[in-house]
Engineer: 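There's a structure below that I have some questions on.
So you know, we letter chains A, B, ... as the sequences are listed, proteins then strands, and number each from 1. Reckoned from all heavy atoms, side chains included, excluding hydrogens, waters and symmetry mates.
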Number of protein chains: 2
Amino acid sequence: MPTISDVARAAGVSMSTVSYVLSGRRPISAETSARVKAAIAELGYHPHAGARALASSRTNVLALVVPLRVDVNVPVIMQFVTAVVTAARTYNHDVLLLTKDEGTAGLERVAGATMVDALIVMDVERDDVRIPALGRLKQPSVLIGLPDDAAGIACVDLDFAATAHECLAHLAGHGHRRIALVGPSPAVYERGTTYAGRFLDGFTAASDELGLETVAHSCEPGAAGVRAALTEIEDELPGATALVVHNEEALVPLFEELRSRGRRVPDDLSIVAVCPRDVATSMPVHLTSADIPAHDVGTLAVEIAMDLLDGRRTEGVRLLPPTIVERDSCAAPRG
Amino acid sequence: MPTISDVARAAGVSMSTVSYVLSGRRPISAETSARVKAAIAELGYHPHAGARALASSRTNVLALVVPLRVDVNVPVIMQFVTAVVTAARTYNHDVLLLTKDEGTAGLERVAGATMVDALIVMDVERDDVRIPALGRLKQPSVLIGLPDDAAGIACVDLDFAATAHECLAHLAGHGHRRIALVGPSPAVYERGTTYAGRFLDGFTAASDELGLETVAHSCEPGAAGVRAALTEIEDELPGATALVVHNEEALVPLFEELRSRGRRVPDDLSIVAVCPRDVATSMPVHLTSADIPAHDVGTLAVEIAMDLLDGRRTEGVRLLPPTIVERDSCAAPRG
DNA sequence: AGAATCGGTCGAAGCGCTTCGACGATGGGT
DNA sequence: ACCCATCGTCGAAGCGCTTCGACCGATTCT
């Protein structure tokens, strides 16, 4: 492995000149620069990351903390991850992957050891213990999700309240007045990630605003859960003509159940789902859906991290606007 | 951030003693060791990763190259990833995540910069251009998958040929003699990952060995593809009583199609699938399936990497034996 | 014309750690 | 009683890089 001094010798300059060619922090003449670059290419020189980190206290690595809970959102998580990695690369950074189960200790470890310049944390909970820990680190961090109190840490997420509003507005636009929400399982509401609650709040608010008759129900996983939810909904809001489904997992059993009840989508019942595009299009009827913009959120998280590193931009909460994609699951209510 | 010399001063010893306490490379008396550890805890000292890497040429970081192709196997990929990260942590290593689309350049970058001690590469293709590049690196690597020529690089994968054999043997055990394979889409066979071909070879060989009548078909994605495959199968092997499905994506439309043809599982048709456990149990009938042991493969990959780093174990190919989990999709053929 | 400025380069210090050789103090073997 | 090994510790070199101050020659300003 050639070192910077090999390059310097080969190019007939000093080490510092090579360094400045590489970093651009001082002007270097075109010829010198060319000679140095040629030497670099010829020797196949790569600066040693550790040495560089030691001397500059910059690692060009971002930590990304992912939940490893293997539930239905795995593809969405993967979308976040690839978005973050890809975006990081455009800023010449790499990504160190941590799992949530390492908890606070993991954050302290990589930050304390100066392995990373900044941290991006997914799956942040309402009252996440990691937030105070993050605040103590010398590296900046950005949260994907929205805790109750971000304590001044930057956050990015989809605007779930606005998403609920858009879903209802879309259905109202088709003429629906009686609409039910099939929400996540009670476990999700309890678990602490706030998106379910924010969606529900938005749903309720939009319902009032639009003058709709609505009911909201959580939905236990599995066919039985769906059946129960549907039954209760018919009980509490008889004649509902549309469903907002904020529960990816429920989608398949929901279609099964609707089929067996003889209700056709969208003829008898319209549906708007909140789920990734590919899930929406993998259903028997392609669903009109609000996308989870995992890619945008991940990319934005990296951009904020970079801004923070450069001392730009003050922290704060960024809620991305929803996008509803119209497909085949909405129609005007019957009669 | 306290440094090792702060710790040394606080404990009243030299820097090297602190270092030896941490690494255990030289004997240190119990009292000294205790004093040093106390100082470390009190100061909240973390060794600087870059400095350590520079001095020791060990980074304690593994590179993991993942495909970012967002197709149906995303959950499986995620299982690999979490297995690798978790296993790496037990060896006190972290994981740097690279995407396949960076290709050879990404490998050379992180290896050249000495950011990692070893590399684990997923989704290796038949004639993967990254293999020669990997061979040129000074770091060892391990492949997940099985190329035509591993060029001496260690490989880990499920034994797909044996898996096919087990699937057939299981069905034969139930009394089936006429069995069809619903394979991956032609694109998968062409793409270059070898598992599809290995499964097919194993299927054919086992068919002969067990004296079965079989037919194998690729299956285009989507409902239409499934319908076509099923029709051709009925044509070429009329009266087939069982299916081996090596195509996760086809499963949902397959059930739809069987329902509409009035064929019940397992009463009229038995099925063995090759897919993750959760996919198998998310079908209308819980499928008897051969698991993709992503967790084991990922863990083993890390173990091999560690062995390689310690100069232990010679490279080679490790094919993990399959496990068939019996559920509700197999019965004796009718009549 | 002399001072101030700027572009381009060099030398050296120092980032925080590991590791090698050295050294005194013990203790066992003979 | 003497030599050698071993244990426990220290000092210093050096890993490969960045960056600061200095320097020199060429402009530019006044």
Side-chain angles (χ1 to χ4, degrees), chain A residues 1-37 39-40 43-61 92 109-117 138 309, chain B residues 1-37 39-40 43-61 92 109-117 138 309:
Chain A
M1 294 273 99
T3 73
I4 198 173
S5 88
D6 296 325
V7 174
R9 197 173 321 117
V13 299
S14 71
M15 282 168 47
S16 44
T17 299
V18 176
S19 180
Y20 288 126
V21 167
L22 253 22
S23 71
R25 290 191 189 284
R26 288 216 179 155
I28 298 289
S29 71
E31 309 129 85
T32 305
S33 175
R35 243 178 322 127
V36 168
K37 283 176 182 159
I40 287 174
L43 296 177
Y45 166 72
H46 290 273
H48 186 291
R52 184 174 269 207
L54 179 55
S56 68
S57 21
R58 278 290 227 125
T59 63
N60 278 38
V61 175
N92 195 30
R109 183 170 51 79
V110 299
T114 324
M115 299 183 77
V116 302
D117 292 336
K138 67 172 198 292
L309 284 177
Chain B
M1 294 272 97
T3 73
I4 197 173
S5 88
D6 296 325
V7 174
R9 196 172 322 117
V13 298
S14 71
M15 281 167 47
S16 44
T17 299
V18 176
S19 181
Y20 288 126
V21 168
L22 252 21
S23 71
R25 291 191 188 283
R26 289 214 177 158
I28 298 288
S29 71
E31 310 129 84
T32 305
S33 176
R35 242 180 321 128
V36 168
K37 283 177 180 156
I40 288 175
L43 297 176
Y45 167 72
H46 290 272
H48 186 292
R52 188 176 270 218
L54 180 56
S56 68
S57 20
R58 279 291 228 122
T59 64
N60 278 36
V61 174
N92 196 29
R109 183 169 52 78
V110 298
T114 322
M115 299 183 77
V116 301
D117 292 337
K138 67 171 198 291
L309 284 177

Engineer: To the closest 0.5 Å, what do you measure between CZ (A:Arg52) and CG (B:Leu54)?
Structural biologist: 13.0 Å
Engineer: Is B:Arg52 close enough to C:dG16 that one of its side-chain N or O atoms is under 4.0 Å from OP1 or OP2 there?
Structural biologist: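 For C:dG16, neither OP1 nor OP2 has a side-chain N or O of B:Arg52 closer than 4.0 Å.
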Engineer: Just call it for A:Ser56: base, sugar-phosphate, or nothing, with non-hydrogen atoms closer than 4.0 Å on any strand.
Structural biologist: sugar-phosphate
Engineer: For a quick check under 3.5 Å, do A:Thr17 and A:Ser14 share a side-chain donor-acceptor pair by atom type?
Structural biologist: yes
Engineer: Does any N or O in the side chain of A:Asn60 come within less than 3.5 Å of the main-chain N or O of A:Asn92, such that one atom is a donor and the other an acceptor?
Structural biologist: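 Between the backbone of A:Asn92 and the side chain of A:Asn60 there is a qualifying donor-acceptor contact (under 3.5 Å).
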Engineer: Expressed in angstrom and rounded to an integer, what is the separation of A:Ile4 atom CD1 from D:dT18 atom C1'?
Structural biologist: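 It works out to 8 Å between those atoms.
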Engineer: I want to verify a distance call: between D:dT9, D:dG16, C:dT19, whose nearest atom is closest to the B:Leu54 side chain?
Structural biologist: D:dG16
Engineer: Given atom CD1 of B:Ile40 and atom C1' of C:dC17, what is their separation to the nearest angstrom?
Structural biologist: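 So the two atoms are 13 Å apart, to the nearest Å.
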Engineer: Between B:Arg35 and A:Met1, which is nearer to the 5' end of DNA chain D once each is assigned its nearest nucleotide?
Structural biologist: B:Arg35
Engineer: Rounded to whole Å, how long is the line connecting atom CG of B:Leu43 with atom C1' of C:dG16?
Structural biologist: 15 Å
Engineer: Whole-Å distance between D:dG14 P and B:Met15 CE?
Structural biologist: 15 Å
Engineer: If each of B:Ser16 and A:Pro27 is mapped to the nucleotide of DNA chain C with the nearest heavy atom, which maps nearer the 5' terminus, i.e. the 5' end?
Structural biologist: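 It is A:Pro27 whose nearest nucleotide is closer to the 5' end.
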Engineer: Once you round it to whole Å, what is the distance between C1' of D:dC7 and CD of B:Glu31?
Structural biologist: 13 Å
Engineer: Do B:Ser29 and B:Thr32 meet the criterion of a side-chain donor-acceptor pair at a distance under 3.5 Å?
Structural biologist: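 Judged by distance alone, the side chains do pair up.
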Engineer: For B:Ser23, which contact category applies under a 4.0 Å heavy-atom criterion: base, sugar-phosphate, or nothing?
Structural biologist: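 The answer is nothing, as B:Ser23 stays clear of every strand by at least 4.0 Å.
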Engineer: Record whether the side chain of A:Arg26 comes under 3.5 Å of the base of C:dT9 through a donor-acceptor pair of N or O atoms.
Structural biologist: yes
Engineer: Take the protein atom CD1 of A:Ile28 and the nucleotide atom C1' of D:dT18, then report the distance between them rounded to whole Å.
Structural biologist: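 Rounding to the nearest Å, CD1 of A:Ile28 and C1' of D:dT18 are 13 Å apart.
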Engineer: Suppose we call a contact any N or O donor and acceptor under 3.5 Å apart; does that hold for the side chain of B:Tyr20 and the base of C:dC20?
Structural biologist: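 Looking at the base of C:dC20, it does pair with a donor or acceptor on the side chain of B:Tyr20 (distance under 3.5 Å).
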Engineer: State whether B:Ser19 places a side-chain N or O below 4.0 Å from either non-bridging phosphate oxygen (OP1 or OP2) of C:dT19.
Structural biologist: no
Engineer: In whole Å, I'd like the distance from the CG atom of B:Asp6 to the P atom of C:dG16.
Structural biologist: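 Value for this atom pair: 9 Å.
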Engineer: For B:Arg25 and C:dG21, give me the distance from atom CZ to atom P, rounded to whole Å.
Structural biologist: 15 Å
Engineer: Taking 4.0 Å as the cut-off, does a side-chain nitrogen or oxygen of B:Ser29 come that near to OP1 or OP2 on D:dT9?
Structural biologist: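 Yes.
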Engineer: Side chain of B:Asp117, backbone of B:Arg58: donor and acceptor closer than 3.5 Å?
Structural biologist: no
Engineer: Give a yes/no answer on whether the side chain of A:Ser14 brings an N or O atom under 4.0 Å of OP1 or OP2 in C:dC10.
Structural biologist: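 A:Ser14 to C:dC10 OP1/OP2: side-chain N or O found under 4.0 Å.
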